[in-house]
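So the structure is just underneath, and the comments pick up after that.
It should be emphasised that the depicted structure is a prediction, and the values quoted were computed from it without experimental measurement. Just so we're on the same page: letters track the sequence lines, and every chain starts at 1.
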Amino acid sequence: MLEFFSPVIHNALRSAAIITDKPVNIQQPADKKFGDFSTNIALLAAKECRRNPRELAQTIIEHLCFPADTIAKVEVAGAGFINFYLTPHFIMQSVEQVLLEGDSYGQGSIGEGKSAVVEYVSANPTGPLTIGRGRGGVLGDCIANLFATQGYAVTREYYFNDAGRQMQILGESVKLRYLERCGQAIDFPATHYQGEYIGDIAEEIYRDHGTALAENTELQMFKKRAEEIIFTSIRKTLERLSIRHDSFFNEHTLYTPDEGGLNANQRVIEALRGKEFITEYDGATWFQTTKLGQEKDKVLIKSSGEPSYRLPDIAYHITKFERNFSMIVNVFGADHIDEYPDVLEALKILGYDTGRIKIAINQFVTTTVDGQTLKMSTRKGNADLLDDLIDDVGADATRLFFIMRGKDSHLNFDVELAKKQSKDNPVFYLQYAHARICSLLRMAHQEIGFDPSTDTMIHLLQRLNSPAELQLGFALLDYPDMIKTSLRMLEPQKMVEYLHSLAEVFHRFYQECPILKAEPDIARARLFLSLATRQVLRNGFRILGVSAPESM
RNA sequence: GCACCCGUAGCUCAAUUGGAUAGAGCAUCUGACUACGAAUCAGAAGGUUAGAGGUUCGACUCCUCUCGGGUGCACCA
């Protein structure tokens with residue numbers, strides 16, 4: 001709607017000789033009696049114009065010039081708001097637009113010619129995915145979908161490390177279980193991976209090789225096999241939630257030297273040294289964050305000679321700049337909250353435009369079963385598995401529940417609720433609206449021969465003007481704005497809220513307006529309105545990755 | 001001790017990022033099926049936005065402090 005109002009208002013400001021650098025905001029008043037849309041430009045500009053806001057608003061109104069039959073009324077209200085009321089014609093024309101654009105309704109072009117990399121999940125292959133990871137995965141997937149709607153070329157990336165100490169321990173854990181399976185007495189350390197899946201992997205190896213590997217002192221084989229099996233299972237779990245990646249970036253590549261004999265990590269050190277942010281003491285190499293006002297320097301290379309995790313992280317982000325992404329989005333859990341400021345600082349020092357980086361951090365998940373809240377814990381491998389949750393409540397509910405709260409809020413996943421088949425369960429409420437429309441259209445085809453694929457009389461929509469119909473039409477018109485808001489905030493939850501209210505408005509319309517029993521033209525008009533609603537529900541569901549059932 | 005997130009109706013959460021009378025859903029109460037799906041809808045009730053100051057035309061939102069809950073603070077990732 002900003003595209004519609006902004007030029008008109010700017011023209012009015014110009015012709016009224018009002019000069020301001022304040023942005024023109026278009027907002028939807030909470031209360032409909034303040035109009036369909038409003039702007040606070042007069043309030044913002046009043047001070048620098050040294051004029052009374054209401055009087056300024058009045059002046060602006062006198063210079064407004066809208067296209068014919070779009071705005072029914074404009075008025076000054078409150079302290080100096082300008083409120084706009086749309087005509088029914090405008091609203092119903094927007095509904096026609098929904099039908100004309102179909103699957104592409106809601107798409108925008110601000111990302112045309114730009115690219116975005118969205119990094120999410122990024123779990124190392126040391127064990128099956130936990131519920132907490134699931135939230136970040138779904139969040140990242142939805143954010144990637146949102147970028148795609150605006151024309152961005154999106155790369156969905158998974159960053160992982162299959163070297164390092166954790167993987168070493170994983171290999172040892174598997175080997176020990178294998179030896180145990182071979183009948184040897186073993187001592188399984190508490191520091192090793194306790195989960196049952198370790199035994200399962202050992203069992204698989206035993207099945208293939210019997211006791212032949214018992215004398216083998218090499219860990220490599222166990223590690224490799226464990227990694228393959230675990231990675232396959234991770235991808236299978238993600239696939240169940242329709243989460244797919246285009247690119248798997250192995251941290252390993254940052255350790256291979258280029259023609260100059262240096263690897264990516266070393267190049268970071270040298271570049272930072274050039275900026276005088278590197279120092280050496282206690283046998284280690286440090287990033288001098290004290291120069292940036294922090295309490296302590298941060299280790300980049302440990303005294304053992306190995307890089308700490310921070311260094312490859314910086315090097316990895318540089319590859320994102322080198323790969324020329326116009327937008328760099330990182331999705332991760334609250335446990336990484338201390339990690340990214342240092343990375344950003346380093347990138348800034350090295351001259352990269354960190355404004356292109358956006359961070360989405362999601363808070364943790366607790367599940368409640370029978371009113372009891374259980375805290376998620378990765379430790380014991382006793383529960384908390386994403387797969388178990390999907391088994392329990394299904395993929396649609398899993399996805400929707402993960403994103404139906406703001407990402408900054410701790411998520412309370414009510415397992416009982418997610419399984420419920422009634423209005424209480426937001427998943428069913430949304431999907432029911434869709435199924436109901438499908439059923440209605442089936443019925444319409446049968447009883448009055450309505451066929452949207454051949455019926456071109458969508459201008460009949462202009463016959464509709466009852467409050468329930470206009471309210472529904474207005475909700476449909478709002479959809480493209482909702483996508484933009486959701487994207488700007490990196491918050492798919494906005495979409496969930498929107499779709500919920502759309503379903504609600506549709507049910508009200510359905511309740512109040514007879515469709516098949518109305519006179520023929522009105523019946524068709526209402527069917528078109530229902531069809532448009534179904535289209536928007538579908539488009540929204542696609543972004544959220546939730547299925548749109550024809551019947552339930 | 002330091003940093004980040006959160007504190008809003010009995011419960012789970014919103015509030016278009018500084019806008020107008022703080023809104024939904026559960027739960028509670030009252031109504032609507034000889035009906036295109038009642039898996040739904042209409043209505044009632046429910047609040048000192050944790051607390052105290054401050055910034056301004058205007059604060060749930062921004063600043064300071066206090067109190068409570070969560071998370072992270074290694075030469076682990």
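Between A284(A) and I26(A), the residue anchored closer to the 5' end of RNA chain B is I26(A), taking for each the nucleotide with the nearest heavy atom.
Proximity of a side-chain donor or acceptor of N161(A) to a complementary backbone N or O of E251(A) within less than 3.5 Å is not detected.
L502(A) has its CG atom 15 Å from the C1' atom of U40(B), to the nearest Å. If you take CZ of R135(A) and P of C5(B), they are 15 Å apart, rounded to a whole angstrom. Here the P atom of nucleotide A77(B) and the OH atom of Y309(A) are 8 Å apart, to the nearest Å. For the pair F401(A) CZ and C13(B) P, the computed distance is 11 Å after rounding to whole Å.
With hydrogens and angles left out, the side chain of D31(A) and the base of A22(B) share no donor-acceptor pair within 3.5 Å. The base of G72(B) has none of its N or O atoms less than 3.5 Å from a complementary donor or acceptor on the side chain of D335(A).
Annotation: C41(B) and A35(B) have their C1' atoms spaced 13 Å apart (nearest Å). Here the separation of A20(B) from A59(B), taken at their C1' atoms, is 13 Å to the nearest Å.
By the 4.5 Å heavy-atom criterion applied to side chains, D162(A) and H252(A) are counted as neighbours.
Contact annotation for Q493(A): backbone-only contact, meaning every heavy-atom pair under 4.0 Å involves sugar-phosphate atoms and none involves a base.
Of the listed nucleotides (C36(B), A38(B), C6(B)), C6(B) has the atom at the smallest distance from the side chain of D408(A). Taking only side-chain atoms of S38(A), from C-beta outward, the nucleotide of U40(B), A20(B), G69(B) with the closest atom is A20(B). Here the nucleotide nearest the side chain of E251(A), chosen from C13(B), A77(B), U40(B), is A77(B).
With its glycosidic angle within 90° of 0, C33(B) adopts the syn conformation.
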